[in-house]
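Data first, discussion second: the structure below is written as structure tokens.
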Amino acid sequence: MTSVQARATGALEVRGLEAGYGKIQVLWGIDLDVAEGEFVAIIGANGAGKTTLLRTLSGLIAPRGGSVSAFGRPLRGLSAARVVRSGVGHVPEGRQLFPLMSVRENLDAGADYLPAARARAGRNRAFVYELFPRLLERERQLAGTLSGGERQMVAIGRALMSDPRLLLVDEPSLGLAPALSASVFAALEQINADGVSVVLVEQNVHQSLKLADHAVVLETGEVVLRGTGSELLSHPRVREAYLSL
Ligand code: ATP
């Protein structure tokens, strides 16, 4: 076996990633590794580029430079639909559900055009309802009439219906009461325990670092700190800037 074959394949390998909008460059040379089964947190102030990073990884924004691969296969240049087919699910900021469709229809939309995921829709839906029993109770309710917490559950559930091996999750606790936000974090922990690698962008720095195997701090589009979750929880710069301690 050559050394290349012998290397363990990571869930995600990002090297020198550059991206932006029009004349504005937002991401500058991002390097990020996520091993299979790992939980990685990305923290940073508003406008640091966290959402832009997740959107670039999932093929919604075309990168300007650098490389991205998931499970050993290059993603750069693939459409968002192909990225999903490569096993990368995205729970977008703001949930972005179809308000006039039911909970069940929104969930099933996550497996649309994905023959392999459609074949596993029954198993995946059962997993989503086990994670969020409230969604089973509200299966026929229109998504637009759900509470913020329930919408977040549907957004996570919809991404799980695409049968991901890596889940990119953007600000899931935004606007949620503490109890609901705790149940969203518990669900992410359970998804990760089920074998799905997770990349989590969160304003709730304390909770996300507690869950994270490792984490990076993004400032003005660059990684300025990296370490294990517990290293960053006790890092003076993180405590001062993000934990108000
Ligand atoms: P937040 O926590 O507030 O969501 P963020 O770290 O996710 O912030 P981004 O949303 O990635 O940051 O934004 C990074 C920069 O890119 C900001 O300066 C923002 O104004 C700019 N930006 C984001 N989306 C667009 C867009 N569609 N067009 C132009 N500029 C954009």
Side-chain angles (χ1 to χ4, degrees), residues 10-12 14 17 19 26-35 37-58 61 88-96 131-132 147-153 155-156 159 164 166-194 196-245:
L12 185 69
V14 179
L17 191 67
V26 174
L27 301 179
W28 301 85
I30 304 286
D31 293 338
L32 182 68
D33 285 290
V34 180
E38 243 183 348
F39 195 118
V40 173
I42 298 173
I43 62 174
N46 287 341
K50 306 179 299 296
T51 294
T52 303
L53 174 58
L54 291 198
R55 289 172 62 81
T56 308
L57 296 178
S58 64
I61 296 173
V88 181
H90 188 178
V91 183
E93 187 178 29
R95 290 125 208 188
Q96 301 186 18
L131 271 181
F132 304 118
S147 72
E150 290 160 353
R151 272 184 231 171
Q152 188 60 59
M153 294 173 196
I156 294 172
L166 167 66
L167 197 59
L168 310 174
V169 190
D170 200 347
E171 304 273 15
S173 80
L174 200 67
L176 301 189
L180 269 174
S181 138
S183 66
V184 165
F185 283 114
L188 293 177
E189 198 173 7
Q190 207 176 325
I191 291 164
N192 183 237
D194 199 52
V196 178
S197 309
V198 175
V199 175
L200 173 65
V201 160
E202 249 301 321
Q203 302 255 342
N204 188 331
V205 171
H206 189 255
Q207 273 291 350
S208 55
L209 290 182
K210 258 173 54 185
L211 286 180
D213 295 306
H214 71 92
V216 299
V217 179
L218 214 57
E219 281 178 12
T220 54
E222 287 183 87
V223 174
V224 294
L225 261 184
R226 49 179 95 229
T228 64
S230 53
E231 279 165 359
L232 292 192
L233 263 177
S234 56
H235 195 287
R237 186 162 167 183
V238 173
R239 288 169 69 83
E240 191 186 333
Y242 303 104
L243 297 168
S244 312
L245 296 171

Scanning both residues in full, the closest heavy-atom pair of H90 with S58 reads ND1-OG, 2.8 Å
When rounded to the nearest 0.5 angstrom, what is the spacing between CH2 in W28 and OG1 in T220? 9.5 Å
How many angstroms lie between atom CG of L168 and atom CG of L54, to the nearest 0.5 angstrom? 5.5 Å
Take T51 and D170, measure what side-chain hydrogen bond (donor to acceptor under 3.5 Å, both in side chains) needs, and give me the verdict at the end. CA-CA 7 Å; T51 294; D170 200 347; 2.9 Å; yes
Would you please name every residue forming a salt bridge (charged side-chain N to carboxylate O under 4.0 Å, His left out) with E150, sequence neighbours left out? R134, R138
Checking R237 now: which residues fulfil salt bridge (charged side-chain N to carboxylate O under 4.0 Å, His left out) with it, not counting sequence neighbours? E219
Check: G44 main-chain N/O paired with K50 side-chain donor or acceptor under 3.5 Å: yes
Test side chain to side chain contact (heavy atoms under 4.5 Å, CB included) applied to V238 and I43, step by step: CA-CA 9 Å; V238 173; I43 62 174; 4.2 Å; yes
Between Y242 and A45, which heavy-atom pair has the shortest distance, and what is it? CE2-N, 3.6 Å
Go through it in stages, so that I can follow the logic: the residues are V201 and V169, the test is side chain to side chain contact (heavy atoms under 4.5 Å, CB included), and I'd like the CA-CA distance, side-chain angles, deciding distance and then a yes or no. CA-CA 6 Å; V201 160; V169 190; over 6 Å; no
Looking only at heavy atoms, what is the nearest atom pair of L209 and A215, with distance? CD2-CB, 3.4 Å
Please name the pair of heavy atoms, one in A35 and one in S197, separated by the smallest distance, quoted to 0.1 Å. O-OG, 3.6 Å
Would you mind listing every side chain to side chain donor-acceptor pair (under 3.5 Å) that reaches into residues 175-192, with sequence neighbours excluded? none
For H235, the side-chain hydrogen bond (donor to acceptor under 3.5 Å, both in side chains) test, sequence neighbours excluded, returns none
Where is the tightest heavy-atom contact between G37 and D213, given as atom of each residue plus distance? O-OD2, 4.3 Å
L27 CG to T56 OG1 distance, which is reported to the nearest 0.5 Å: 5.0 Å
With sequence neighbours excluded, what pairs up with D31 under the salt bridge (charged side-chain N to carboxylate O under 4.0 Å, His left out) test? none
Please report the interatomic distance CZ(F39) to CG(L188), rounded to the nearest 0.5 Å. 5.0 Å
Those residues at least two apart in sequence (or on a different chain) that pass side-chain hydrogen bond (donor to acceptor under 3.5 Å, both in side chains) with Q203 are N46, E171
Apply side chain to side chain contact (heavy atoms under 4.5 Å, CB included) to residues V223 and R226 and explain how you reach the verdict. CA-CA 7 Å; V223 174; R226 49 179 95 229; 3.5 Å; yes
Closest non-hydrogen contact found for L232 with V216 is CD1-N, 4.4 Å
Working to the nearest 0.5 angstrom, can you tell me the gap between S173 OG and L180 CG? 10.5 Å
Measuring from H214:NE2 to T228:OG1, what's the distance to the nearest 0.5 Å? 10.0 Å
